[in-house]
Amino acid sequence: MPEVSKAAFDYAKIAVELSLGLVGTMALFLGLMKIAQDAGMIQALARLLRPLFKFLFPKVPSDHPALGAIALNMGANMLGLGDAATPMGLKAMQELQKLNPSKDTATDAMCTFLALNSSSVQLVPVMVIGLRASSGSQNPSEIIIAAIIATTCSTIVAITAAKFFSRLPYFKKSHPPGGEP
């Protein structure tokens, strides 16, 4: 019994140290995102990504706030900040819902964004690197190439699936009236 108690307290201590390290990383990147947003870099990023967004979300107007929120979400996901990407993803989904004429049915843009967000290309998996570093890894960043390859493949599959299913007659029947074709 003493070994169980000792292990429980030891791992509780490790969990707290790990959580505080992750909170610090998250606070740093959320602060950087807020500075980027206030400096207008988010709008510039949305303009830069406009051709990609036109392909992914053809029914969303090019100057709609949803695209800025999607750009922020994608940026946070590319940095591997899944938790930091969540508020931006929720904001993007709220903005996409404003374009939805049938509030109880998701549009193709919403489904595509969900697939994109869930698969998310990660260029620098900061959280994984932080976890590996705090766990004592000798080379915590060696995961970067594998993460880029794996997440690129998952994103390609997710986008392909979203575009494919949106064209199937079964799913076209559920498109919101007056919304996307």
Side-chain angles (χ1 to χ4, degrees), residues 22-103 105-131 141 143-167 175-176 179-181:
L22 292 176
V23 166
T25 304
M26 175 114 26
L28 172 69
F29 280 96
L30 283 175
L32 290 174
M33 288 288 189
K34 181 67 178 159
I35 291 169
Q37 186 177 12
D38 291 346
M41 293 174 66
I42 303 308
Q43 292 78 14
L45 179 62
R47 279 192 300 274
L48 183 70
L49 294 173
R50 190 170 287 162
L52 176 65
F53 286 164
K54 195 71 178 166
F55 167 73
L56 292 174
F57 311 104
K59 299 295 180 186
V60 178
S62 62
D63 58 344
H64 196 273
L67 297 180
I70 291 171
L72 274 175
N73 176 269
M74 287 176 61
N77 276 330
M78 285 181 178
L79 294 174
L81 303 168
D83 292 340
T86 301
M88 296 164 225
L90 292 173
K91 177 72 175 166
M93 200 58 89
Q94 286 173 340
E95 293 294 333
L96 290 173
Q97 180 70 350
K98 290 177 183 175
L99 297 172
N100 187 356
S102 178
K103 302 300 182 196
T105 304
T107 63
D108 286 345
M110 296 168 94
C111 293
T112 301
F113 174 65
L114 185 62
L116 183 67
N117 185 41
S118 300
S119 61
S120 75
V121 171
Q122 289 194 11
L123 301 177
V124 183
V126 172
M127 289 299 210
V128 175
I129 291 171
L131 285 171
S141 61
I143 191 86
I144 288 176
I145 299 298
I148 290 172
I149 292 170
T151 58
T152 299
C153 291
S154 69
T155 301
I156 290 170
V157 169
I159 291 171
T160 303
K163 293 292 185 184
F164 173 75
F165 284 116
S166 72
R167 291 189 169 103
H175 283 157
E180 299 176 47

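A donor-acceptor pair under 3.5 Å links the side-chain atoms of S166 to the main chain of K163, judged by distance alone.
Residues passing the side chain to side chain donor-acceptor pair (under 3.5 Å) test with T160, sequence neighbours excluded: none. Legend: residues meeting side chain to side chain contact (heavy atoms under 4.5 Å, CB included) with Q97, ordered by chain and number and at least two apart, are N100, K103, M110. With sequence neighbours excluded, the residues satisfying salt bridge (Lys or Arg N to Asp or Glu O under 4.0 Å) with K98 are E95. Every residue was checked against the side chain to side chain donor-acceptor pair (under 3.5 Å) condition with T151, not counting sequence neighbours, and none meets it.
Among pairs with a residue in residues 42-57, none fulfils salt bridge (charged side-chain N to carboxylate O under 4.0 Å, His left out), at least two apart in sequence or across chains. For residues 62-78, the set of pairs meeting the side chain to side chain donor-acceptor pair (under 3.5 Å) definition, not counting sequence neighbours, comprises N73-N77, N73-N117, N77-N117.
Proximity of V60 to L96: side-chain heavy atoms (C-beta onward) are separated by under 4.5 Å at one or more points. Between D108 and F57 there is no side-chain heavy-atom pair separated by less than 4.5 Å. Side-chain contact check for S119 versus I156: every heavy-atom pair is 4.5 Å or farther apart.
Atom CG of L116 sits about 8.0 Å away from atom CD1 of I70, to the nearest 0.5 Å.
Closest heavy-atom contact between P61 and L99: CD-CD1, 3.9 Å. When every heavy atom of M74 is checked against every heavy atom of F53, the shortest pair comes out as SD-CE2, 3.6 Å. Contact between I143 and I129 at its shortest, heavy atoms only, is CG2-CG1, 4.1 Å. Of all non-hydrogen atoms in A115 and A158, the two that sit nearest each other are O-CB, 3.6 Å. Considering every non-hydrogen atom in both G89 and F113, the closest pair reads O-CE2, 3.5 Å. Between L123 and I144, the shortest heavy-atom contact is O-CG2, 3.6 Å.
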